[in-house]
Amino acid sequence: MKIERINDNTVKFFITYVDIEKRGFARDEIWYNRERGEQLFWQMMDEAHEREDISFDGPLWIQVQAFEKGLEVTVTIAKNVMDTEDDSELGSLLRSAIDEARDQQSVLDQLSELDELEAEADAWAPLAMETDDFEAIISLSKRAGDTFSDLDLKLYHYQDRYYLWIDFPDEMEPEDEENALSLLAEYLTFSTQTQPMLEEYGKLILDGDVFAKMRHYF
């Protein structure tokens with residue numbers, strides 16, 4: 001799981017479904033089992049407190065966004081609100097955020113099913129991940145080793161952000177892909193940008209074995 005502190009009051013979490021399952025939660029549980037969804041949320045909050053010394057005292061605003069490979073959770077501490085929320089109110093906010101994300105995931109699942117019906121497409125579609133911190137990419141390259149050597153990667157720069165376009169080979173095992181995504185998600189966030197947009201408006205920095213080249217230059 002990646003934890004990104006946006007400012008003093010806002011924190012973003014990025015967690016893959018693989019990471020969620022490794023924590024002992026079934027994917028469907030977080031959508032349909034209120035208690036299990038809240039357990040995962042508070043587990044993430046506790047980890048943020050331990051790793052980043054972030055305190056979540058005060059009323060919270062919660063937003064959950066579903067991606068094909070995982071979740072983005074944004075938590076804002078409303079410091080200027082005088083009345084604090086009780087556990088039932090906070091639970092209601094969390095439930096509402098999870099319900100909205102579940103609807104997003106339902107749409108993604110339906111689109112995925114349509115793809116399977118219309119064509120025998122690659123089960124692991126290309127995707128983009130992003131960061132505004134170039135040092136994160138350098139750090140990732142040092143941990144990567146040969147993990148991503150078989151992937152078709154492209155690194156772009158666009159509007160003060162760095163985008164890694166990832167294309168998985170047909171012969172890659174699902175478990176290997178999920179492990180690769182888990183490592184990527186520790187440093188980068190899932191992005192909705194498309195490759196045509198990045199090709200048209202972004203600047204291509206590196207392609208091929210991006211991380212080997214990063215280690216060579218940095």
Side-chain angles (χ1 to χ4, degrees), residues 1-6 9-79 81 83-116 123-125 127 129-130 166 168 173-192:
M1 180 176 71
K2 180 183 177 184
I3 302 170
E4 179 181 354
R5 189 160 198 163
I6 306 302
N9 296 334
T10 303
V11 181
K12 276 189 177 182
F13 300 84
F14 307 93
I15 186 168
T16 66
Y17 292 122
V18 175
D19 193 354
I20 289 172
E21 291 174 357
K22 287 180 178 178
R23 294 166 184 266
F25 298 88
R27 182 165 169 171
D28 287 346
E29 279 186 319
I30 61 176
W31 302 129
Y32 301 107
N33 186 316
R34 174 174 180 171
E35 182 178 353
R36 294 290 282 166
E38 291 182 4
Q39 286 176 2
L40 174 62
F41 174 78
W42 288 115
Q43 188 178 111
M44 294 166 66
M45 298 299 102
D46 290 342
E47 187 170 331
H49 179 68
E50 292 174 4
R51 284 169 49 182
E52 305 293 338
D53 194 27
I54 300 173
S55 177
F56 294 96
D57 295 330
L60 302 179
W61 296 92
I62 306 163
Q63 181 181 25
V64 182
Q65 185 170 1
F67 290 90
E68 183 180 357
K69 302 298 182 182
L71 301 177
E72 175 186 282
V73 181
T74 303
V75 179
T76 299
I77 307 165
K79 295 291 188 181
V81 178
D83 296 329
T84 59
E85 297 161 340
D86 59 28
D87 290 342
S88 62
E89 290 174 326
L90 183 56
S92 177
L93 283 174
L94 179 58
R95 185 72 257 157
S96 176
I98 291 176
D99 286 344
E100 290 180 9
R102 183 185 63 201
D103 293 340
Q104 296 170 11
Q105 185 60 46
S106 177
V107 172
L108 291 174
D109 290 342
Q110 290 175 37
L111 290 174
S112 178
E113 290 174 3
L114 284 174
D115 287 342
E116 292 176 1
W124 306 111
L127 60 95
M129 301 186 78
E130 65 180 270
I166 309 151
F168 299 95
E173 294 293 332
E175 183 177 354
D176 293 336
E177 190 213 42
E178 299 288 10
N179 290 335
L181 280 172
S182 293
L183 179 55
L184 288 166
E186 291 185 33
Y187 297 88
L188 310 174
T189 63
F190 294 105
S191 175
T192 57

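Being a predicted model, the structure only gives us computed values, none of them experimental. Position 1 is the first residue of the sequence, and the numbers go up from there.
Counting heavy atoms from C-beta outward, I62 and T74 have side chains that stay 4.5 Å or more apart. With a 4.5 Å cut-off on side-chain heavy atoms, I6 and V11 do not count as touching. Residues E72 and V64 have side chains not in contact (no heavy-atom distance under 4.5 Å, counting atoms from C-beta outward). Counting heavy atoms from C-beta on, the side chains of L181 and F168 come closer than 4.5 Å. Taking the side chain as every heavy atom from C-beta outward, E186 and F14 never approach each other to under 4.5 Å.
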### Candidate pair L184 and M129, rule side chain to side chain contact (heavy atoms under 4.5 Å, CB included), full reasoning
CA-CA 8 Å; L184 288 166; M129 301 186 78; 3.7 Å; yes

### Task
Just do the side chain to side chain contact (heavy atoms under 4.5 Å, CB included) check on R36 and I30 with the steps written out, would you?
CA-CA 6 Å; R36 294 290 282 166; I30 61 176; 5.9 Å; no

### Task
Could you go through the side chain to side chain contact (heavy atoms under 4.5 Å, CB included) check for F25 and N33 one step at a time?
CA-CA 10 Å; F25 298 88; N33 186 316; over 6 Å; no

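Checked against side-chain contact (heavy atoms from CB on, under 4.5 Å), D46 has no partners two or more places apart in sequence or in another chain. Under the salt bridge (charged side-chain N to carboxylate O under 4.0 Å, His left out) criterion, E47 pairs with R23, R51, not counting sequence neighbours.
L40 contributes atom CG, which lies 13.0 Å from atom CD of E35 (distance to the nearest 0.5 angstrom). Rounding to the nearest 0.5 Å gives a distance of 11.5 Å between CG of L127 and OG1 of T192. Annotation: the span from L188 atom CG to F190 atom CZ amounts to 9.5 Å, rounded to 0.5 Å.
Here the closest heavy-atom approach between residue Y187 and residue K2 is recorded as O-NZ, 2.6 Å. When every heavy atom of L71 is checked against every heavy atom of I20, the shortest pair comes out as CD1-CD1, 3.9 Å. Closest heavy-atom contact between M1 and D19: N-OD2, 2.8 Å. The heavy-atom pair separating A48 from F13 by the smallest distance is CB-CE2, 3.5 Å.
At a threshold of 4.0 Å, the pair E4-K12 does not count as salt-bridged, since none of the basic side-chain nitrogens sits closer than that to a carboxylate oxygen.
With 3.5 Å as the limit, one finds a donor-acceptor pair spanning the side chains of E130 and S191.
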